[in-house]
Structures are given as structure tokens and as C-alpha cells.
Amino acid sequence: MAGYPFAEIERQWRRYWEEQKTFRTPDEPDPSKEKFYILDMFPYPSGTGLHVGHPEGYTATDILARYKRMKGFNVLHAIGWDAFGLPAEQYAVKTNTHPRVTTEANIARFREQLKMLGFSYDWDREIDTTSPDYFRWTQWIFLKLYEKGLAFQSEAPVWWCPELGTTLANEEVVDGKSEVGGYDCVRKPLRQWMLRITEYAERLLEGLDDLDWPESTKEMQRNWIGKSVGAEVAFPVCGLPDETIRVFTTRPDTLFGATYMVLAPEHPLAEKITTPDRLEAVAAYVAAAAHKSDLERTELQRDKTGVFTGGFALNPVNGERIPVWIAEYVLISYGTGAIMAVPAHDERDHAFAKTFDLPIREVVSGGDVAREAYAGEGALVNSSSEDRAIPGVAERGVSIDGLDTESARQKMIAWLEANACGQAKVNYKLRDWLFSRQRYWGEPFPLIFVNGAPKPLPEDALPVTLPDLADFQSSGQVEGPLAAAAEWVETVDPETGAPARRETNTMPQWAGSCWYFLRFIDPRNDRLLVDPEKERYWMPVDLYIGGAEHAVLHLLYARFWHKVLYDAGVVSTPEPFRRLIHQGMILGEMEYSANGERIAEADVRKQGDGFVLKRDASVPVEAHAYKMSKSRGNVINPEDVVEQYGADSLRLYEMFMGPLEQVKPWSMRGVEGVHRFLNRAWRLFVDEETGALRGRVNGVPASKEQLRALHRTIAKVTDDIERLHFNTAIAAMMAFVNAANKWDAMPRDIARAFTLILSPFAPHIAEELWRRLGGGRTLAYEPWPEVAAEYLQEDSVAIAVQVNGRIRATITIPQDAEKDAALQAARREENVAKHIGARAVKREIYVPGRIVNFVV
RNA sequence: GCCGGGAUGGCGGAACGGUAGACGCAACGGACUUAAAAUCCGUUGGAGCGAUGCUCCGUGCGGGUUCGAAUCCCGCUCCCGGUACCA
């Protein structure tokens, strides 16, 4: 395709920006300038390189960054690499290439590809989580967590694959088999590090309210934290005077409806409570449960299984002996691992009671509990023990009969507390964060074990670097590959000189991305994680753009660490990211198929709600755009697009496709479309034959019409950038070029202003046009064109005239026409008069500049 | 199941409650060309009629509010994403 020499232009300007360090942000904060910190989600430099999803978010942030610079803001826009992680390690195991080598190569490739797209990052701030200068501070934060008691050791199950001789991550195990090789895996308990994120559950929940984030993401985090308010109740165990079964319930008002109890199979009392005659059955059930993965347990529909222990507990509110069962539907990991079952008012308990023929007792009126559980609210019934004492619990029982749900809850909790068998309790679904991995390619923990007890290393011992391994093949040890590095593991306590062992686990990949945005602020500081003055100037991040796949984990973990650092006085804001946007996924091109065969779009036509073959309308055609995948063969490689159409075209197309946050299918024809637009813009100013500026670009004064066209475009583009509506901003620029193409003269001032507003979107071509239009050096810091309201004024305006809400004519009247004048002009229209006819006009509506409506 | 988001021409999409379909793609017609590509100009939601215009229908479906609804409210359908025995 002929056209403007984009390859040459883009190469030249990339080099210019790099050599001149055009986008360098000064080291010291500039209090005279308003700051704007705009951040992309930290990329993992994978071996496959960039895909078209990356430039989508990156182009959006780059447009904002460039725009804000021109608006006079001090902009922080940097990039780096979240480079620890599994793929490099797996590659090391396969080929015995050191992960560092793989990682460096991948980073080099990613950096190259990002530079190719002309993003205005301050490359002097590039960071890399695998660099000791960086992970020294990741380790430093871990020491803070440890100091505050937020890091602790615990036994937690991991996937162990005996065949591969390694532990595996959850995502590497599918249906209990290793993803690689398909070998059997088992869950093994292992001593590991946990972070007490649950301590911050309430603050993480509350903090969401004030964030300008997508509602869906905030809601996902709320669900993940999963706060429930209720009570914890202790049920004495019959025959075991020292034992109680503690349960958590959100419905303490239904305590009188508890007709049995259920323990999770892993519950510590499960064995103890079981009577000898039931031992065999219980042991078999528990063993069967232990062999199932979490997945198998939850995927087994809702069919309830369980086993009676033979044991009984005492319901503290009425002294009733109720049977204790064991069932998989109660999870050891939530609440206390045991429940009181109220089959009348809980769906799961109801199903279980039906299966095992257990009694169902209504205590909340309003439903038909024989048929189904009634989980709603209502007046309490069958809920009194006031007339008697509860042996071993209370002198006197309690009655909540007749109360509404809320009052019953309160009274019940008060009674439980008064009799020391329960209290109000808030429970969270959120679990503590399993923070260690049995891996090589991650941050080492900054602590040692002296006589088996953990001891944090002093700050000056940081960073703790990874040893080199000669062999990345499996160590065959559950502890992970580092356990094999004897010389590294065996060390001495730097304080006492006593022999010590290093921790052989490493941190998970999330660690490095929990705080990278702080390091961009002060990337080379070797004394502090971040200088407090700089941190106060730049934080919080004003706009964060990245994929919705990180809605929970990364964004929750980063918030957690940030709050810990806030408490430690390291950062000045309780939340790191003020505003968050997720870019929508880009799908492959639309595909048409009939009877499983791919069909060309040209052979398809619409019929009714669907598509059919043009040749044979009886054959229905499926139309669908699929997620890009190698196996489907619909992957678009950004490098190819850049080669064929240029980086500016790729950037522009990705923004033109549709709203940033929406899922949208790729279209190569669409790329050609925006490429044509750039060619037209180029030809507006440059003679294609000679390459020189066209003669019509000159210093003549701009006409009113030209100024109006320009200023309308400036106004629209400015407003759309602020609202992140890049697609309509581009449409406005296209409309401008279409109009300007018809002009005889192109006043230089108009050409220059248009070039400036085009520049955040298509910076290479804009820089080149700017240079040719005599703009001097880079336009990156030129002031953004101001809209002059006087040029936006239209003398006259075309408005619609309706009769009973239906349009019957359009009239052209002065912008500020009075109501009488407008109505008169409207009535003069033949078609309007015809539709009013002889009928009386009941109402006349005139919205200046908008509409006239006659109601008859 | 639950939570969130969505549905507008052949396609991607525009539209502070005020002329639905901007802009782009595709398609069709024309100019230039020996021809094609590129480029430029024009047409393009559907149906109808006495056709330079007018009428009717039209923003997933059914109701409602309003002078006026793609937009607001109520009730559905389908699609996408998340989550799932969380007591």
C-alpha cells in the first residue's frame, strides 16, 4: 500500500525521543506543577512477546500522558517488568538454561516491542523485580510484615507430584494430574509462610467505598472478602464434658430450629465424638473425602453425603440433645469448620435433612418448610425455653417467640453472652495469604533459622540473593530446588555466628507487583524504598489501567501491602490507586461458519435474527468472534501490524475500535481504515509526489468556517480525552480531515493546531508534520490548543419540528431565536401545517437549539 | 444459583430525555486508468407510495412515565465475565 513513509518517520522519531530523553521526568518533584501519575499494569515479560491486548491499555495511558504533558502537568509514566515467575523456571527445568538468561532475553524483546509503539515512558525509571536492587526492598517490606506479626508460619497443603519430584502451583494441576505429563498429584501439608491479610479485612472492605473503580471490581473484592455478621455459639458435647462444638451462624434467631449439627470431615473433634459402633463408617467417609481435590468436592453437584457419628451435642438454648453428623458440605476452611443445621431455614441443611430423614422444625413463619427451606425473615415461632433451666448452661431459658428477625437476633445474642455460651461475631471469607512457593525463581525470604526458629536478617544483610544452581532439574525434595543448594542453605547467624539455615521457599509472583508503583517514583534510591518527599508528591496513582483478570488478587494484595506500609509510615495515602479502568479484551476477527465449515463473510447474508448462506438460505450460519488463541489460529501479532501499517496506525486502530472498557473483535480492514485516515491527514499538508509541504499550506488568515471546524474538533477531542472516549475523539479528527480536504487553502496555524491534537494518538506522524510545519523541535511539551468559544458559535441552527412528538419538518433559525419567532417559522412549514390541520394546538414546546413540538 | 456488565444497520460503533445510526468498515454507482491497485466523488436501516417528496415501521421482548424514550421505571429473554455448599 502506497502512502506516507511511516516506517522511516517512526524510526527517526523513536531515535530522537530516546536520544533526547524527551519523556524523562525530573528526579525532584516540581511543586509549581500539578502532578499526574498514570500507570499501566506491570507486564510479565513472557517469551511469546506482546499481544494486541497490551497496546490497548498502553496506548490509552500514553494518550493521557502525552495530553497531560501538553496541558502543563508534571507526568509520571514509567514501565518495568514483573519478571519472576513460573515460565522461566519451567523452561530452565526443560533446557537447563538459567532463568535469568531467559528472563533477560524476554525483557529485551518486550522492551524492544514497547519502544516500537512509541510509548512515552521515562525509560530511565525502568525497573525489574528480579534485580537485587529491587527485590532488596521487597524483602525489606517482608521484614516489616514480620516485625508487625503479619507474617507467620503454618502448615498448608501443597500439590506434590512424586513423578516430577516437585511441588506444583494450583494452575499446574488439572483434575488432580500434573498439567505437564499428566502424572498423579497429591496434597501434602507443608510448613509455609502466611500473611495475615485477614487482619486488614475490614479496612480493605471499607476502603473500597471511596475508590473511583469499576463497580464490578469493587463488588468482586467485597465478595472475596465476604463479610458476614452473626454469632458464634458453643454447643456442649454430650459425654465429653471438656469439649464444645463451636459454630458460626448468621442466623442466631434460628437457634431453636437447630435439629442436628455437622462437622467438616477434617474437624478435630470428628474422631473423638464418634461412638465405637460408628467408627468404621466415619473413618471410611473421612478417608474418602481426604482423597478428593477441592474441585471434586465442589463439583459433585449438590447431592448431599454424610455420616452419623453416633455422638450428640446439647443445644444451649433449649437443652435438646441433637445428633452430630459429618459431611463434606461443611468446609473446614470457613468459620469454625462446624455448623448448627437449621433445615427449615437453610437450603443446604434442608436438602441434607431430606436425604437422611432428619427432623425439620419451623421457627420463622412465612414459608412452607415441609416443602422447601424458608430463608426469609418473619415472626419467630416455636422458640421458647423460658419456663425451664438449661442444665449446665443457664438457670433459665429464653423466649424469642413473636419477635421479628432482627429483634430475635439481638435478644438471642444478648442471652448467649449473658450465659457465656456465645457472642456476636463477624466472619470473613477472606483467608490468610499463602505466601511461599517451593520454587527457585522468586524472591528469597530475608530470614534464617537458628535451631529451627525463624530469625529475621538485619536490614544491612539485604538483599538476600539467589544462589546459582548447576542443575535446574527437579531436586526431588518437597522443600523445593533451593534445598539442594547446600552451600547457600547452610549459613551463619550474622549476629552471633551460630550455624543457621536459610529459608528454602521463595515468595510468590504477586510480591513484586504489590509495590512497584512506589519504586517508579524513586527507582535508584539505595537508602530507602522511596523518598518520603517524592512519595508525597506523586502518590496516589491518578489513573491505573489494566486487565480485569487482576480485579481481585493483584489489586487486593497491593492494597493490603499499601495499608501495611501506610501504618508503618512509609507511604502517605491509605489507598494506592485512586482511579482504575479495565481495558476490554480484544477478540479475534469475526468468524462465520455453517455445518462446522468456515465461510467467507461475502458468502453470508442476514436473515431474520441470524445469518444464512447467500447461495442457500436454508443453511444457517454461525457468526462469532473468539478469544485469540494459538490453537484457533486467530492471533494477531502487533509486530506484523506495525510492519505493514506502522505503529501510529496500530495505536489509532486500537483506540478507534470502540469504548476502551468494552470487549471488541479485531478487524484488519479496520486497521486499513485508520491507516487511510493517517494518509489523508498527511496529504492534507504534504505533497505526496515531492514530499514537500503543499503550496496551499500558507500563512493566509483562517476563514471563519475553518476556525469553526478546527475549534469544534479541539473541543470534542479535548473533552473526549478527559472522558477516555478515544474512539469518538478519533472520529472527530476524521471528520475534520474530511472537511479540510475540500478547502482551497490550509492556513498554517490551523495545520499546526490540528497536528497538536493528533499527536497524543499518532505521535510519530504528528512530530514529523510539526517539524515540517516549522514547529521546531519536539511537540511533546507544546501547549495544548485552547478552544475559543467565539468560533463555536453558529449563527443559525437546524432544529426539528414535531407534531405530537413526530418529526414533520426541520427549520433553520437563529441560534438564539425567541420562542414566538421559532414557533412562527415552524408553523409556516407546509408539512407542519398539514399535520396540525384544523385541530387546536394544546401545547407548544420550544427548546432553543433543540426542538419545537406542537401538541394537538 | 448468585453478583456484575451488555443487546442499536451487513459489521465495529455514535447519540446532555430533544432530527437514531456520527466516524470507520463492507457493499453499490461514478471519475481517473489500456486495465488493475491507489486516490477522489456519490449512494447506502427496512417497507410502501401518486418518488427530487411524503407515509409507516425500526435501538433484544412486553408494559409504564413523559409533549417527546436507545436513554428513566417495572417485568422478561438471550449473550459475556466473575463466583459458587462461605453456614
[N] glycosidic torsion: syn (within 90° of 0) vs anti:
N     : answer
B:U52 : syn
B:G13 : anti
B:A47 : anti

Q. Does any N or O in the side chain of A:Arg696 come within less than 3.5 Å of the main-chain N or O of A:Leu684, such that one atom is a donor and the other an acceptor?
A. yes

Has [X] got a side-chain N or O lying under 4.0 Å from the OP1 or OP2 atom of [N]?
X        : N     : value
A:Arg676 : B:A26 : yes
A:Ser667 : B:G24 : no
A:Asn741 : B:C41 : no

Rounding to the closest angstrom, what is the interatomic distance between [N] and [M] at atom [atom1]?
N     : M     : atom1 : answer
B:U59 : B:G21 : P     : 14 Å
B:U77 : B:A26 : P     : 39 Å
B:C79 : B:U8  : C1'   : 15 Å
B:G9  : B:G4  : C1'   : 29 Å

Q | Structure string for RNA chain B in dot-bracket form, Watson-Crick and G-U at under 3.5 Å, | interchain | A | (((((((..(((.....[....))).(((((.......))))).(((((...)))))..(((((..]....))))))))))))....

In this structure, how many angstroms lie between the [atom2] atom of [N] and the [atom1] atom of [X], rounded?
X        : N     : atom1 : atom2 : answer
A:Tyr334 : B:A87 : OH    : C1'   : 7 Å
A:Arg222 : B:G4  : CZ    : P     : 11 Å
A:Leu553 : B:G82 : CG    : P     : 13 Å
A:Leu678 : B:C23 : CG    : P     : 18 Å
A:Ile332 : B:C85 : CD1   : P     : 15 Å
A:Lys627 : B:G81 : NZ    : C1'   : 10 Å
A:Asp603 : B:A27 : CG    : P     : 12 Å
A:Glu661 : B:G4  : CD    : C1'   : 13 Å

Using a cut-off of 4.0 Å on non-hydrogen atoms, how would the nucleic acid contact of [X] be classed: base, sugar-phosphate, or nothing?
X        : answer
A:Gly673 : sugar-phosphate
A:Ser228 : sugar-phosphate
A:Asn738 : sugar-phosphate
A:Ala623 : nothing

Q: State the CE-CG distance between A:Met655 and A:Leu660, to the nearest 0.5 angstrom.
A: 6.0 Å

Q.
Rounded to the nearest 0.5 Å, what separates atom CD in A:Glu661 from atom CD in A:Gln583?
A. 9.5 Å

Q: Could you list the residues that satisfy ring-ring contact (aromatic ring centres under 6.0 Å, His included) with A:Trp213, not counting sequence neighbours?
A: none

Q: Under the ring-ring contact (aromatic ring centres under 6.0 Å, His included) rule, collect the residues that match up with A:Phe736, sequence neighbours excluded.
A: A:Trp743, A:Phe754

(Q) Walk along nucleotides 9-15 of chain B from 5' to 3' and tag each nucleotide B, S or - by protein heavy-atom contact under 4.0 Å, base first, then sugar-phosphate. (A) -SSBSS-

Q. Using a cut-off of 4.0 Å between protein heavy atoms and nucleotide atoms, how would you tag nucleotides 42-70 of chain B 5' to 3' with B, S and -?
A. ------------SSSS---------B---

Q.
Check the orientation of A:Phe356 and A:Phe352. Use parallel for under 30°, tilted for 30 to 60°, and perpendicular for over 60°.
A. tilted

One thing to verify: whether [Y] and [X] come together as a salt bridge, which I'm taking to mean a side-chain N less than 4.0 angstrom from a carboxylate O.
X        : Y        : result
A:Arg598 : A:Glu591 : yes
A:Glu215 : A:Arg222 : yes
A:Lys304 : A:Glu328 : no

Q) Is the A:Trp666 to A:Tyr653 ring centre distance short of 6.0 Å? A) yes

**Q.** A:His624 ring center near A:Tyr592 ring center (under 6.0 Å)
**A.** no

Q) Looking at A:Asp346, A:Leu263, A:Val262, which hits side chain to side chain contact (heavy atoms under 4.5 Å, CB included) with A:Ile339? A) A:Val262

Q) If every non-hydrogen atom of A:Leu331 is compared with every non-hydrogen atom of A:Ala264, which pair is closest and at what distance? A) C-CB, 3.9 Å

Q. Any idea which of B:G18, B:U39, B:G4 is nearest the A:Ser216 side chain?
A. B:G4

Q) Where the side chain of A:Met734 is concerned, which of B:G18, B:A22, B:G24 is the nearest nucleotide? A) B:G24

Donor-acceptor pairs under 3.5 angstrom involving side-chain atoms of residues 716-727 of chain A: please list them, not counting sequence neighbours.
residue	atom	partner	partner atom	Å
A:Lys716	NZ	A:Asp720	OD2	3.3
A:Thr718	OG1	A:Ile714	O	2.6
A:Thr718	OG1	A:Trp784	NE1	2.9
A:Asp720	OD1	A:Arg723	NH2	3.1
A:Asp720	OD2	A:Thr728	OG1	2.9
A:Asp720	OD2	A:Ala729	N	3.2
A:Glu722	OE2	A:Tyr67	OH	2.6

Q. Mapping A:Arg850 and A:Met340 to their closest nucleotides on RNA chain B, which lands nearer the 5' end?
A. A:Arg850

Q | Residue whose closest nucleotide on RNA chain B lies nearer the 5' end, A:Ala338 versus A:Gly670 | A | A:Gly670

